[in-house]
Amino acid sequence: MTTYIFGHQNPDTDAISSAIIMADFEQQNGNDAAKAYRLGDVSPETQYALDYFNVAAPTLLADDLTDQEVILVDHNEFQQSAATIDKAVIKHVIDHHRIANFETASPLYYRAEPVGCTATILYKMYKEQNFEIRPEIAGLMISAIISDSLLFKSPTCTTQDVEAAKALATIANVNLDEYGLNMLKAGASTADKSEEALLDADAKSFSMGDYTVRIGQVNTVDIDEVFARQEALEHAMNKASVENGYDIFVLAITDIINSDSKILVVGAEKERIASAFNTTLDHNAAFLSGVVSRKKQIVPPITSELTK
């Protein structure tokens with residue numbers, strides 16, 4: 001029986017890389033049935049990493065998971081997972097996010113650590129088991145850490161992430177700064193992407209009090225380039241909200257060079273979103289100095305505000 005391993009919907013580099021890494025870990029642990037999958041398209045940033053280290057992208061998951069064994073990486077919330085995840089047999093979770101909307105009928109292995117990246121936890125697991133870290137696996141670990149930490153600038157980045165990346169750089173034979181900046185830039189161009197593609201590239205849904213909140217993030221080197229399309233983006237956000245039942249849609253456009261973000265908000269309780277950051281909206285937008293992390297700097301204050 002196949003063991004399905006996958007990250008969250010709209011997968012980022014950590015979600016894709018961690019699925020591949022975990023499948024390799026399981027195979028080294030004697031589980032030859034372990035196979036990596038993905039729950040969405042591969043982003044340009046992730047494709048850059050896969051191409052650089054000559055690794056094939058995981059298969060797009062289309063199977064019914066009813067009674068199938070699965071391992072979740074880089075997520076645990078069911079609304080961010082596969083369509084039939086509630087019918088699957090979850091054997092293991094490796095994650096670095098909050099735990100919410102998650103339950104199983106049977107015991108499982110669950111490892112969650114407050115580090116910047118799931119791949120950092122996986123690196124520790126390899127070291128604990130004395131498993132071989134091949135150069136391509138080391139490269140994917142590095143890519144995931146760089147992506148989630150924005151080249152170590154994000155407040156989610158820990159000393160464990162930095163130390164892991166430095167150790168892995170020797171195995172993968174890369175210069176962290178040079179490779180990292182090139183990888184981030186590969187995913188930062190927005191001019192050739194549709195509004196829908198920008199909204200879906202890295203977006204997650206959250207249950208916060210009585211609200212379903214969709215929070216997307218776009219990494220760029222030019223915030224103004226994205227906001228030149230504000231009207232079209234708002235239209236696409238409103239359309240997606242109606243079609244999918246989102247009460248609030250927040251889009252964070254993050255400058256990966258200067259480590260700031262500007263948010264665009266549509267839907268109910270817009271001013272409460274601004275209040276979460278002690279600011280006000282100007283034409284549905286607000287600049288957030290020093291904010292780059294959805295997990296640590298965006299989700300917590302919005303959750304706190306909407307669950308008062």
Side-chain angles (χ1 to χ4, degrees), residues 7 11-25 28 36 42-58 73-74 94 96 113 115-128 130-190 192 201-202 217-223 225 254-261 290 292-296:
D12 57 10
T13 301
D14 191 21
I16 294 287
S17 296
S18 290
I20 297 170
I21 296 163
M22 187 64 190
D24 177 74
F25 180 91
Q28 290 199 51
V42 177
S43 72
E45 176 192 283
T46 307
Q47 192 62 57
Y48 179 91
L50 294 172
D51 291 342
Y52 191 96
F53 294 106
N54 195 29
V55 178
V73 293
D74 200 35
I94 309 293
H96 69 128
E113 298 187 25
V115 293
C117 180
T118 301
T120 299
I121 306 172
L122 291 168
Y123 168 73
K124 294 168 67 176
M125 291 168 56
Y126 272 76
K127 299 296 286 185
E128 290 162 2
N130 199 29
F131 285 168
E132 178 189 7
I133 302 177
R134 301 191 308 277
E136 65 272 22
I137 294 296
L140 292 182
M141 288 179 175
I142 288 170
S143 302
I145 294 169
I146 288 171
S147 177
D148 269 14
S149 71
L150 289 178
L151 199 50
F152 316 121
K153 293 180 180 179
S154 172
T156 62
C157 186
T158 69
T159 56
Q160 293 183 61
D161 300 295
V162 176
E163 290 169 359
K166 287 180 178 179
L168 290 162
T170 301
I171 301 173
N173 191 29
V174 296
N175 178 288
L176 288 176
D177 290 331
E178 180 181 348
Y179 170 76
L181 189 57
N182 287 336
M183 186 193 76
L184 291 175
K185 285 183 175 179
S189 176
T190 63
D192 60 345
D202 184 9
Q217 187 167 26
V218 175
N219 289 335
T220 182
V221 294
D222 187 352
I223 288 179
E225 178 184 84
T254 299
D255 184 333
I256 61 174
I257 303 299
N258 297 306
S259 299
D260 297 311
S261 293
V292 296
S293 170
R294 175 173 51 199
K295 182 181 71 173
K296 192 167 184 177

Would you confirm whether [X], through its side chain, and [Y], through its main-chain N or O, come within 3.5 Å as a donor-acceptor pair?
X	Y	result
Y179	G139	no
D255	I223	no
Q160	I121	no
D260	G290	yes

Check against side-chain contact (heavy atoms from CB on, under 4.5 Å), S143 and F53:
CA-CA 10 Å; S143 302; F53 294 106; 3.7 Å; yes

Hits for salt bridge (charged side-chain N to carboxylate O under 4.0 Å, His left out) against E128, two or more places apart or cross-chain, chain-then-number order -> R111

Looking at [X], I'd like to know if its [atom1] atom is crowded, meaning that more than 12 non-hydrogen atoms belonging to other residues, nucleotides or ligands lie closer than 6.0 Å.
X	atom1	result
N173	CG	no
N54	CG	no
K124	NZ	yes

For L122 and M22, the nearest pair of non-hydrogen atoms, with its separation, is CD2-SD, 3.5 Å

Identify the heavy atoms of S261 and T254 that sit nearest to each other, and give their distance.
OG-OG1, 2.7 Å

Let me confirm one number: the [atom1]-[atom2] distance from [X] to [Y], rounded to the nearest 0.5 Å.
X	Y	atom1	atom2	value
I21	I16	CD1	CD1	11.0 Å
M141	D14	CE	CG	11.0 Å
E178	L181	CD	CG	9.0 Å
I142	S17	CD1	OG	11.0 Å

Distance-only donor-acceptor check, side chains Q28 and D24, under 3.5 Å
yes

What verdict does the side-chain contact (heavy atoms from CB on, under 4.5 Å) test give for T46 and D12, after you've listed the backbone C-alpha separation in whole Å, the side-chain angles of each residue and the deciding distance to 0.1 Å?
CA-CA 7 Å; T46 307; D12 57 10; 5.6 Å; no

Quiz: residues 146-154 side-chain donor-acceptor pairs under 3.5 angstrom, not counting sequence neighbours:
{"from": "S147", "atom 1": "OG", "to": "E45", "atom 2": "OE2", "distance (Å)": "2.6"}
{"from": "D148", "atom 1": "OD2", "to": "H96", "atom 2": "NE2", "distance (Å)": "3.3"}
{"from": "S149", "atom 1": "OG", "to": "I145", "atom 2": "O", "distance (Å)": "2.7"}
{"from": "S149", "atom 1": "OG", "to": "F152", "atom 2": "N", "distance (Å)": "2.9"}
{"from": "K153", "atom 1": "NZ", "to": "I257", "atom 2": "O", "distance (Å)": "3.2"}
{"from": "S154", "atom 1": "OG", "to": "T156", "atom 2": "N", "distance (Å)": "3.2"}
{"from": "S154", "atom 1": "OG", "to": "T156", "atom 2": "OG1", "distance (Å)": "2.8"}

Side chain to side chain, Y126 and I137, heavy atoms closer than 4.5 Å
yes

